[in-house]
Amino acid sequence: MIQALDPAAALSCSDELRHVYRAAFGAPGYDEDAAAAERFAAEQLPTHAGRAGFKLVAARGPDGELTGFAYGYTGERGQWWSDRIVETAPEIADDWVGGHFEFVELAVVPAAQGQGLGGALHDALMAHLPHSKALLSTYADDRPAPRLYRRKGWQLLHPDLTPTSALYGKKLR
Ligand SMILES: CC(C)(COP(=O)(O)OP(=O)(O)OC[C@H]1O[C@@H](n2cnc3c(N)ncnc32)[C@H](O)[C@@H]1OP(=O)(O)O)[C@@H](O)C(=O)NCCC(=O)NCCS
């Protein structure tokens, strides 16, 4: 079951979100450490939950345990990440950066992967957004996340946003 959580509800289950983050991004091939999951829950999520347009969707399994989540917010110039995109990919900035939906995170616990949950969380997050365009950055190499986004109609805008990540965009109107 997938539910949308408002900022207060999202922050109230930040321990569970940290657990999902740790399981997904700590898996072999991703290899983020426990400190990264801690930073996500203690710093990144509270900062982003305070931004306009914040939307988080979360999935629970049959026993009520959190199995996956996705979230984003309205990206604006002046935000650190939006400004990095403008600096690194100036050729797409006028068309894409500012007032867009910034798709920040998507994670599914390994035990629940490969059954369509990531795709369903993506669709729930993107449904009924008021924005006319959306941006995300993901791994530049071939793995489930970029495959999922391409399947969902995202277009590659800049292949080497960082040495390991690529920038994708999607027009919503
Ligand atoms: C990316 C991620 C969220 C995808 O979650 P998921 O629940 O496995 O996603 P889906 O099940 O919708 O799709 C994954 C694969 O399963 C396949 N699949 C989906 N339903 C299926 C089914 N019923 N039977 C068989 N295969 C299925 C999809 O075709 C897809 O295949 P592909 O990777 O070869 O393209 C997950 O791999 C993850 O958490 N990764 C680590 C964190 C990460 O990379 N996050 C994104 C950062 S930008």
Side-chain angles (χ1 to χ4, degrees), residues 1-5 10 13-41 43-45 47-48 51 54-63 65-73 75 79-82 84-85 88-89 92 96-97 100-127 129 131 133-170:
M1 188 188 57
I2 296 178
Q3 277 188 318
L5 306 185
C13 60
S14 66
D15 278 353
E16 291 177 288
L17 294 168
R18 175 170 46 79
H19 178 77
V20 172
Y21 184 104
R22 173 82 179 120
F25 289 100
Y30 296 90
D31 303 315
E32 290 195 20
D33 61 13
E38 188 52 42
R39 276 195 303 278
F40 161 73
E43 296 168 26
Q44 178 182 314
L45 185 66
T47 299
H48 291 172
R51 291 197 173 155
F54 176 82
K55 180 179 178 185
L56 183 143
V57 293
R60 291 193 180 275
D63 301 326
E65 76 286 9
L66 208 73
T67 50
F69 71 91
Y71 84 86
Y73 58 80
Q79 292 167 349
W80 184 84
W81 182 243
S82 288
R84 295 293 78 68
I85 294 173
T88 313
I92 60 90
W96 288 92
V97 183
H100 64 281
F101 184 69
E102 185 69 47
F103 189 120
V104 181
E105 221 67 89
L106 170 65
V108 170
V109 294
Q113 290 177 7
Q115 302 162 44
L117 183 56
L121 284 163
H122 169 279
D123 293 351
L125 184 63
M126 299 297 288
L129 289 176
H131 311 74
K133 60 206 172 185
L135 289 173
L136 67 77
S137 65
T138 189
Y139 300 98
D141 58 357
D142 181 37
R143 52 173 85 206
R147 287 198 294 270
L148 187 157
Y149 297 132
R150 285 196 296 268
R151 218 166 35 243
K152 295 292 184 184
W154 291 79
Q155 63 179 108
L156 182 62
L157 297 180
H158 194 90
D160 47 1
L161 192 62
T162 72
T164 55
S165 72
L167 179 70
Y168 285 78
K170 193 171 200 282

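Remember, it's 1-based here, ligands and their atoms both numbered in the order they're listed.
Using a distance-only test at 3.5 Å, with no hydrogens or angles considered, a donor-acceptor pair links the side chain of Lys55 to the main chain of Leu125. Here the side chain of Gln113 pairs a donor or acceptor atom with the backbone of Val108 at under 3.5 angstrom.
Between Phe103 and Tyr168, the ring center distance fails the sub-6.0 Å criterion.
Nearest-residue assignment for atom 16 (O) of ligand 1 (options Pro110, Gly114, Ala23, Ala112; heavy-atom criterion): Gly114. Of the listed options Pro146, Gly116, Gly118, Ala107, Gly118 places a heavy atom closest to atom 9 (O) of ligand 1.
Contact between Leu106 and Gly118 at its shortest, heavy atoms only, is CD1-O, 3.9 Å. Of all heavy-atom pairs between Phe69 and Leu121, the closest is N-CD1, 3.6 Å.
The nearest protein atom to atom 12 (O) of ligand 1, hydrogens excluded, is given as Gly119 N, 2.9 Å; this is a heavy-atom distance. Counting protein heavy atoms only, atom 45 (N) of ligand 1 is closest to Leu106 O, 2.7 Å. Protein heavy atom nearest atom 39 (O) of ligand 1, with residue, atom name and distance: Val108 N, 2.9 Å. Of the protein's non-hydrogen atoms, the one nearest atom 33 (O) of ligand 1 is Arg147 NH2, 3.1 Å. Scanning the protein for heavy atoms near atom 40 (N) of ligand 1, the closest one is Tyr30 OH, 3.7 Å.
When only interatomic distances are considered, the shortest N/O to N/O separation between Thr138 and ligand 1 does not fall below 3.5 Å. Residue contacts with ligand 1: Leu148 is placed with no nitrogen or oxygen under 3.5 Å of a nitrogen or oxygen of the ligand (distance criterion only). The N/O atoms of Gln115, backbone and side chain alike, include one that comes under 3.5 Å of an N/O atom in ligand 1.
Put simply, part of Arg151 is less than 4.0 Å from ligand 1, judged by heavy atoms.
Looking only at atom types and distance, the side chain of His158 has no donor-acceptor partner in the side chain of Trp96 under 3.5 Å away. In summary, the side chains of Gln79 and Glu102 do not present any donor paired with an acceptor at a separation below 3.5 Å, with no hydrogens or angles considered.
Distances from atom 2 (C) of ligand 1 to the protein include no heavy-atom value under 4.0 Å.
Ligand-side atoms of ligand 1 in range of Ala145: 1 (C), 44 (O), 46 (C), range being under 4.0 angstrom from any heavy atom. For ligand 1, the atoms closer than 4.0 angstrom to any heavy atom of Pro144 are 33 (O), 37 (O).
With a 4.0 Å cut-off on non-hydrogen atoms, Gln113 touches ligand 1 through its backbone as well as its side chain. With a 4.0 Å cut-off on non-hydrogen atoms, Phe103 does not touch ligand 1 at all.
For Asp15, the salt bridge (charged side-chain N to carboxylate O under 4.0 Å, His left out) partners are Arg18, not counting sequence neighbours.
Remark: Glu16 engages Arg60 in a salt bridge, criterion side-chain N to carboxylate O under 4.0 Å.
The aromatic rings of Phe54 and Tyr71 are tilted relative to each other, their planes meeting at an angle between 30° and 60°.
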